[in-house]
Structures are given as C-alpha cells and as structure tokens.
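Reviewing the structure listed below.
These figures come from a predicted structure and were not determined experimentally.
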Amino acid sequence: MPKKSRNEITITDAPRSMTRTMAGGGDLVQVDAVFHVPAVHPVGSGPWSEEADKISWTDMPTGYGCIMRRSPLGKYLAGYVSVQPGHPMFGRGTGSLNDLLIGVHGGIDYAAACRASEPEEVSICHPSGREKRERVVSRSHRQTVYENEAAKGHADAWWFGFSCNQIGDVLPDASYDRQKRQERLIGGVEPIYRTEAYVYRECVRLAAQLKAIEEGRDPRDADPGPSASSHDPYRTRG
C-alpha cells in the first residue's frame with residue numbers, strides 16, 4: 001500500500017446514519033461531513049492526534065447547522081452555529097451583540113456569512129450539498145466526494161462562532177515560553193486543551209441560546225451550561 005502523503009486531504013461525506021464519537025468525550029453525534037486536513041493539523045502528538053480538522057453536523061433540537069474547525073493559526077479548535085434569514089440575529093456583527101447575554105467559551109468572536117468560496121475542508125460553511133464532484137487529493141490521486149443532502153439548507157446561513165484560544169487554553173503549536181506565560185496568567189494552573197467533545201458541547205449550548213432568541217425568549221434561560229469559561233464575558237446572570 002503506498003504511503004499516505006502528508007498533504008493528502010481525507011474527506012468523509014456521511015450518510016444520514018453515520019455517527020462519530022467526539023474525541024475527548026463519549027458524545028455520539030450524527031455528522032454530515034468529516035475532514036482531515038494535514039496542512040492545519042498539529043504536527044506533535046497530544047490529545048488532538050486522533051481529532052479531525054473540520055466536522056459539520058446539524059443540531060437536532062434546533063435544526064441549526066454547526067461546524068467545528070481547526071484554526072490554521074494556533075491549530076486550536078473553534079465552534080460555529082448558523083442561523084437562517086429571518087432569525088433576529090441574522091446579519092448582526094460581533095460589535096452589536098452586547099445587548100444579548102449569550103454565554104459560550106470566551107464569548108462570541110465571529111459573525112459572518114457562509115464563506116462558500118473557500119475550499120470546503122477549511123471554510124466556515126456547511127458542505128454545499130452538490131450531489132458529487134471530483135477532488136484532487138494528491139498529485140496522483142483523485143477522489144469522488146458525495147456530499148450530504150442535509151447540508152443544502154445552510155448555504156445562505158449567517159454564522160456565529162467562538163474560539164478555544166482563550167487564557168487558560170492550550171494552543172497545540174504554542175511555544176514552551178508561551179505556555180509558561182499562560183500558566184502565570186492563570187495562577188500556575190496548567191492550561192487545558194479544548195477537545196472535539198468540549199467544542200461540540202459548547203456548540204450545542206450556543207445553538208440552544210440562539211433558538212431561544214429566535215422564539216423571543218431570554219437566551220440565559222436556555223443555556224444548558226455548565227461548561228463555561230471563567231473568561232466568558234456574558235456568563236454572569238443578572
């Protein structure tokens with residue numbers, strides 16, 4: 001068997017029955033697509049070694065599209081939840097959210113339209129829903145990718161996201177000196193790497209709050225918690 005190229009992208013487009021156990025926890029999730037992207041994956045070993053670099057799924061209780069994606073800078077995971085046109089928060093930027101007490105790890109730091117023009121394996125967007133296409137995954141290999149039908153409804157979505165690069169979070173490619181500075185900032189406590197399971201649960205938490213806003217309810221009453229960062233500026237209840 002030929003050796004797998006370091007630059008080869010592995011894509012799993014999931015049938016509706018496909019489930020994935022999120023690394024770092026026992027959460028079994030029905031997923032739409034899973035991407036392994038060597039260009040953004042941490043090189044060293046760690047809790048991220050068995051993780052994917054992008055996972056998309058539909059949150060069942062709310063119907064919202066969700067993504068976790070690895071940042072090319074820092075190689076940490078970030079989570080995103082989408083809302084459709086007609087949602088009260090559709091089109092709102094991060095600077096306009098101070099009136100909404102939404103709790104999520106580090107606070108919402110991303111708000112933008114679907115970045116459908118970017119390569120799917122790194123974009124902040126659900127799979128496009130095309131029936132099939134051919135992708136070059138290495139110099140000598142082409143792969144036919146079948147995309148999940150469930151993703152079609154998310155192409156015009158507006159995405160809200162959070163990042164696991166807060167004080168106290170481990171960045172896989174951070175230097176030793178940076179990690180030590182982190183420990184000093186949080187009183188000598190060892191920083192934590194935020195796994196797939198952690199990001200998944202925070203996405204579920206964010207989706208529940210966005211659904212509450214859609215229904216005219218206080219998002220704090222829908223916050224499933226308690227997985228909140230101590231640095232989350234919106235966590236304190238009034």
Side-chain angles (χ1 to χ4, degrees), residues 6-12 20 22-25 27 29 31-57 64-82 93-95 97 102 104-127 154 157-179 181-182 185-186 191-207 227-229 231-233:
R6 168 70 185 163
N7 296 319
E8 182 173 332
I9 298 167
T10 303
I11 307 125
T12 304
R20 175 183 175 84
M22 294 296 181
D27 306 88
V29 183
V31 297
D32 293 336
V34 179
F35 300 82
H36 294 273
V37 186
V40 301
H41 197 80
V43 176
S45 62
W48 47 81
S49 297
E50 301 303 318
E51 291 185 333
D53 301 300
K54 179 180 173 182
I55 303 173
S56 61
W57 73 98
Y64 294 156
C66 299
I67 287 172
M68 71 173 69
R69 168 188 174 270
R70 194 173 303 280
S71 171
L73 302 175
K75 308 297 177 66
Y76 54 85
L77 293 175
Y80 305 88
V81 179
S82 66
T94 55
L97 303 180
I102 298 173
V104 74
H105 183 79
I108 292 176
D109 62 5
Y110 181 89
C114 178
R115 288 159 55 175
S117 63
E118 295 184 355
E120 190 172 294
E121 65 272 8
V122 296
S123 68
I124 301 173
C125 194
H126 239 70
H154 304 290
W158 188 264
W159 292 87
F160 294 99
F162 61 92
S163 302
C164 294
N165 63 344
Q166 312 300 317
I167 295 174
D169 292 346
V170 167
L171 276 61
D173 70 348
S175 67
Y176 176 82
D177 288 343
R178 185 188 186 281
Q179 296 286 24
R181 287 197 300 272
Q182 281 273 67
L185 286 171
I186 57 177
I192 299 171
Y193 176 71
R194 307 299 179 177
T195 63
E196 282 182 4
Y198 181 88
V199 176
Y200 166 73
R201 293 166 192 162
E202 287 294 278
C203 284
V204 169
R205 178 181 166 208
L206 177 56
S227 55
S229 166
H231 308 288
D232 183 342

Compare every heavy atom of [Y] with every heavy atom of [X], then report the nearest pair and how far apart it is.
X      : Y      : answer
Met22  : Met68  : SD-CE, 4.1 Å
Cys164 : Arg194 : SG-CB, 3.5 Å
Val34  : Ala52  : CG1-CB, 3.6 Å
Gly24  : Ala197 : C-CB, 3.7 Å
Ser49  : Gly44  : OG-O, 4.3 Å
Tyr193 : Pro47  : CD2-CG, 3.5 Å

Any heavy-atom pair between the side chains of [Y] and [X] that's under 4.5 Å?
X      : Y      : result
Arg70  : Val37  : no
Phe162 : Val199 : yes
Leu171 : Lys75  : no

From [X] [atom1] over to [Y] [atom2], what is the distance, rounded to the nearest 0.5 angstrom?
X      : Y      : atom1 : atom2 : value
Asp173 : Leu73  : CG    : CG    : 8.0 Å
Cys203 : Ile67  : SG    : CD1   : 9.0 Å
Arg115 : Ser123 : CZ    : OG    : 8.0 Å

With sequence neighbours excluded, tell me which residues meet side chain to side chain donor-acceptor pair (under 3.5 Å) with Ser71.
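Partners of Ser71 under the side chain to side chain donor-acceptor pair (under 3.5 Å) test: none.
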
Please list, chain by chain and in numerical order, all residues satisfying side chain to side chain donor-acceptor pair (under 3.5 Å) with Ser163, sequence neighbours excluded.
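Listed in chain order: Asp109.
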
Are Tyr110 and Tyr80 close enough that their ring centers fall under 6.0 Å?
yes

Hey, mind stepping through Phe160 and Ser82 against side chain to side chain contact (heavy atoms under 4.5 Å, CB included) and telling me if it holds?
CA-CA 6 Å; Phe160 294 99; Ser82 66; over 6 Å; no

Intermediate values then yes/no, side chain to side chain contact (heavy atoms under 4.5 Å, CB included), Ile102 and Leu206:
CA-CA 8 Å; Ile102 298 173; Leu206 177 56; 3.7 Å; yes

Output yes when Lys54 and Glu120 qualify as a salt bridge under the 4.0 Å nitrogen-oxygen rule, no when they do not.
no

Using ring-ring contact (aromatic ring centres under 6.0 Å, His included) as the criterion, list what pairs up with Tyr200, not counting sequence neighbours.
Trp57

Side chain to side chain contact (heavy atoms under 4.5 Å, CB included) between Leu77 and Tyr198, worked out:
CA-CA 10 Å; Leu77 293 175; Tyr198 181 88; over 6 Å; no

For Asp53 and His36, test the side chains for any donor-to-acceptor distance below 3.5 angstrom and give the result as yes or no.
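No, no side-chain donor-acceptor pair sits under 3.5 Å.
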
Using a distance-only test with no angle check, is there a side-chain donor-acceptor pair under 3.5 angstrom linking Tyr76 and Gln166?
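Looking only at side-chain atoms, Gln166 and Tyr76 do not form any donor-acceptor pair under 3.5 Å.
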
Assess the residue pair Arg20 and Glu196 against the criterion (salt bridge (charged side-chain N to carboxylate O under 4.0 Å, His left out)); give the C-alpha distance rounded to whole Å, side-chain angles, the decisive distance to 0.1 Å, and a yes or no.
CA-CA 11 Å; Arg20 175 183 175 84; Glu196 282 182 4; 2.9 Å; yes

Between His41 (side chain only) and Trp48 (backbone N and O only), is there a donor and an acceptor less than 3.5 Å apart?
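Yes.
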
